[in-house]
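Scroll down for the structure; my scribbles are underneath it.
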Amino acid sequence: MFDPGLFNYWIIMILMMTGLYTVIVKGNLIKKVIGLGIFQVSVIMFFVSMGKVRGGTAPIASESFEVYSNPVPHVLMLTAIVVAVATLAFALALIVRIKEAYDTIEEDEIRELEAGEEG
Amino acid sequence: MHGSGLSISAHLPALQIAVPLLSAVICVLIRKARAAWLLATTVAWAAFAGACVLLNRVILHGTISYEQGGWSPPWGIELRIDLFNALVLIIVTGICAVVISASLTSLSMEVPEKRHNLFYAAFLLCMTGLAGMTITGDVFNIFVFLEISSLSSYALISQGATRRALTSSIQYLVMGTIGGTLLLLGIGMLYMVTGTLNIVDMADQLAMVGPNRTVLVALACVTVGTSIKLAVFPLHIWLPNAYTYAPAIVTAFLAATATKVAFYVLARFIFSIFGVELAFEQMHLDRVLMPLAIVAMFAGSIVAIYQTDIKRMLAYSSVAQIGYMLLGLSMATVPGLTGGIVHLFNHALMKSGLFLVMACVLFRVGSTHIDAMRGLGKRMPLTMAAFVIAGLSMIGVPLTVGFVSKWYLVSAAMEAGQWPVAVLILLSSLLAVVYIWRVVEVAYFQEAPEDAPAVKKAPIGLLVPVWTLVFAIIFFGIFTSLSAGVAGDAARMLLGAG
Amino acid sequence: MVVRHVILRSLSKMLIPLIMLFALYVQFHGDYGPGGGFQAGVIFGAGIILYSLIFGLPKAKMVFRPRVLQYLMAFGVFLYGSVGLAAILKGGNFLDYSHLAHDPVHGQHLGILLVELGVGITVASVMATIFFLFTERRRREDV
Amino acid sequence: MIDIIHVILFVFLAAIGVAIIRLRDLFAAVMLAGIFSLLSATLFTVMDAVDVAFTEAAVGAGISTLLMLATLSLTSSEEKPAVNRRQAMIGLVVVTITGAALIYGTLDMPRYGDPDAPIHHHMAPRFIEDSPEEIGIPNEVTSILASYRGYDTWGETTVILAAAIGVMLLFAAPPVSRRREDELFTPGEGTG
């Protein structure tokens with residue numbers, strides 16, 4: 001059952017779930033955002049892992065190397081990192097505004113305040 | 001000069017994205033709110049015209065392929081327009097054009113004028129993102145444009161007048177990011193087993209790989225990821241808040257486009273990449289999607305009945321209507337899928353019409369609470385008449401588009417021998433009667449409270465867009481060849497039945 | 001906010017130009033080694049942020065005016081798109097750099113140089129703008 | 001097949017992930033998130049993705065950490081102890097099921113580093129062999145990023161711009177006290 005060739009992917013999936021758990025369970029908005037970050041970075045690791053070729057080197061053409069790792073996942077992940085940081089910046093700005101408006105960044109306290117408004 | 005007309009039309013697919021995107025960038029710099037609005041509106045209508053030209057060309061000459069950067073697929077990114085996405089593109093651009101025309105009047109109520117240029121920039125970017133997702137032929141490109149549209153829609157939602165807009169926005173952001181990242185993970189797994197990112201090429205490669213455990217999980221990731229964006233029943237919790245607390249015109253736009261494009265992406269992945277055989281016959285996706293769709297139809301409508309805020313009521317109604325689309329998709333037959341696609345088109349018209357009516361009410365009355373609508377039938381006759389017609393369509397009364405969708409779905413269910421499903425569709429329509437009637441009753445059969453301030457008729461800048469959509473509801477309810485005809489051909493194409 | 005430490009100030013006076021120089025190196029060396037517009041933009045943005053940390057936001061905003069930064073961030077995306085449109089005018093497809101010069105490889109060079117520049121400009125100005133907005137928020141709250 | 005450095009990095013990453021969940025002190029959590037990014041950057045270098053590593057280090061450990069610290073100084077740096085056992089249970093169930101499904105999905109994946117994996121045979125060979133002549137620059141990542149997939153990169157730049165537009169929209173509103181914001185409510189909601 002244990003396959004060393006898959007070890008990489010298993011750990012990555014576990015890291016991914018660590019991030020997802022933080023997002024679901026933690027009520028603190030900053031914690032949630034950190035969790036999202038871990039989730040996204042793990043997906044990036046997944047892509048980068050699949051680009052690796054045994055005995056290969058970084059995909060910059062030169063005379064001295066024959067085998068290169070696959071550059072395509074790297075390109076895709078550059079874009080994904082950018083998307084992640086863009087989302088993060090906007091989320092943090094939202095959190096600052098929420099703090100100003102509710103005086104808290106804890107989800108359950110916000111929910112109580114909102115329930116009070118409706119009732 | 002001659003020949004330039006030809007070259008522009010040859011590059012139309014690329015310009016369809018590039019021009020709105022560049023205009024959004026210009027909007028950032030225009031300080032005058034009115035000038036930014038004028039630019040955004042002009043560009044939106046131009047994009048709509050472009051989409052019509054593209055659909056016409058697809059009908060006449062078949063699928064259009066455009067190679068970005070001149071690199072042939074799968075090495076470069078291809079834009080690929082067929083009947084299905086040409087129709088979705090028309091919805092995205094058309095609704096955007098109508099809604100953004102209405103925004104000049106309505107927006108100042110909710111967003112300070114100082115921010116309007118940025119608001120229109122975000123609005124155009126959102127449309128560009130949705131249109132970009134629609135016409136691209138590359139799975140990773142879908143993700144990139146998904147994020148453009150998502151980020152700008154979070155920004156648009158956060159501009160609502162109350163502080164709850166902020167919490168709705170972050171709720172949507174957290175769920176939407178999980179959805180987007182899951183979609184990316186699914187794309188990664190597909191790329192891993194096929195080695196390509198181009199949709200057509202991926203389908204070919206995948207057919208050779210055949211079903212295995214990685215493909216199965218990729219299908220699950222893609223389905224769950226897009227379902228979050230589509231607000232499929234248990235994953236819909238971001239939607240009611242986002243639609244309720246966003247500025248009225250943002251709701252009118254997003255309700256009609258964002259979920260529709262998510263539906264398109266799901267259908268594209270299932271039918272064009274995985275294929276019916278893999279997704280339905282071997283992996284039995286219908287056994288998951290169909291129950292969820294039916295639960296959504298009832299749960300959404302029942303919760304809608306108990307809402308006191310009409311915007312929120314309509315939001316829950318959207319959850320139910322998404323159920324109908326998903327039901328059509330999960331049948332995986334030509335009539336079923338036709339029904340799903342037609343409903344996608346029709347629901348966009350109805351919902352943006354209804355939410356624009358709410359924009360009128362909010363503009364004049366200052367609230368969308370049901371108590372605030374007492375006696376509005378007399379005080380805002382044209383506005384409420386529009387609500388009634390769009391509401392009738394929501395129920396599925398003949399001569400409106402709603403009837404067309406229901407007709408296709410019911411007959412598809414019967415054709416497939418699924419009588420209970422057909423009965424359930426009709427039963428859930430009765431629930432729509434209840435929640436639409438509540439508003440009609442309050443607006444027409446109750447007197448306005450005596451202390452209520454005088455209410456003027458809705459401004460012409462809002463009434464014209466509203467009635468444009470109402471006329472479209474009736475027009476496409478009678479002349480179905482364009483909507484249902486194209487949808488039928490698209491469904492046949494997706495199912496590979498000629 | 002303003003750090004009055006002399007050593008820190010004079011040290012960063014030396015460091016900030018170096019950081020920005022490194023950003024330019026990353027920008028234009030991306031063809032040969034790791035790096036490119038995005039990374040260069042981040043580093044350049046970091047230089048601006050460091051400047052505002054050491055010398056204070058008001059001074060930083062005088063050097064890097066928010067309005068100018070806004071123009072620059074729009075300009076970067078615009079430059080990228082214009083290269084695409086220029087390729088159409090030259091008879092190629094959107095973003096087909098091969099048509100930008102007589103020799104396709106030269107065209108590719110030119111195109112990549114320009115679009116990477118666009119990315120770098122946008123990213124640097126966006127990073128600086130976002131950071132300014134965050135710090136400004138605190139200053140207003142203190143009042 | 002798996003180097004020892006891999007195992008060590010992964011163990012550290014997992015430990016940091018767990019620590020971030022458990023820590024109450026948000027300041028420490030943000031710092032750990034920065035270290036998480038730096039360690040992943042190291043991992044990317046080990047896996048030959050130098051461009052990705054460079055970017056992750058600059059963005060994850062640099063800009064992101066800065067922004068988070070700026071946010072902490074505007075909000076609060078202590079997480080309130082919330083004992084919501086139900087939510088924790090739901091989270092655990094969701095994560096276990098999802099994680100099990102994902103690991104099930106890995107079983108048919110090409111093995112790590114396998115040169116025969118499909119992705120190394122379909123698109124990549126042309127990029128690796130032809131791009132130095134077609135584009136004329138040695139860094140294949142740059143060629144693909146800016147030319148073959150230049151359209152994606154334009155979209156990526158737009159995402160960054162969209163974030164800036166969003167932040168500008170949010171911070172255009174002056175910081176109002178809670179009371180003031182309450183008064184902005186629409187009539188139907190406040191009195192309901």
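First the proteins, then the strands, lettered A, B, ... as listed; each starts at 1.
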Query raised in the report: Does CZ belonging to F28(C) count more than 12 external heavy atoms closer than 6.0 Å?
Result: yes
**Report entry** Reported CZ-to-CD distance for the pair R31(B) and Q70(C), which is rounded to 0.5 angstrom
**Finding:** 7.5 Å
Query raised in the report: Is there a donor-acceptor pair closer than 3.5 Å between any side-chain N or O of N93(C) and the backbone N or O of G69(B)?
Result: no
Report task. Considering non-hydrogen atoms only, spot the tightest contact between L22(B) and V77(C) and give its length. Result -> CD2-O, 4.3 Å
Report summary line: Distance col, row M73(C):CE vs L29(B):CG, nearest 0.5 angstrom, shows 9.0 Å
Query raised in the report: Are V28(B) and Y71(C) close enough that some pair of their side-chain heavy atoms sits under 4.5 Å apart?
Result: no
Requested in this report: Pick one of side chain, backbone, both or neither for L85(C), based on which atoms fall under 4.5 Å of a heavy atom in chain B.
Outcome: side chain
Requested in this report: Starting at NE2 of H11(B), measure out to CG of L89(C) and round the result to the nearest 0.5 Å.
Outcome: 9.0 Å
Query raised in the report: CG of L79(B) to CZ of F94(C): how many Å apart, nearest 0.5 Å?
Result: 9.5 Å
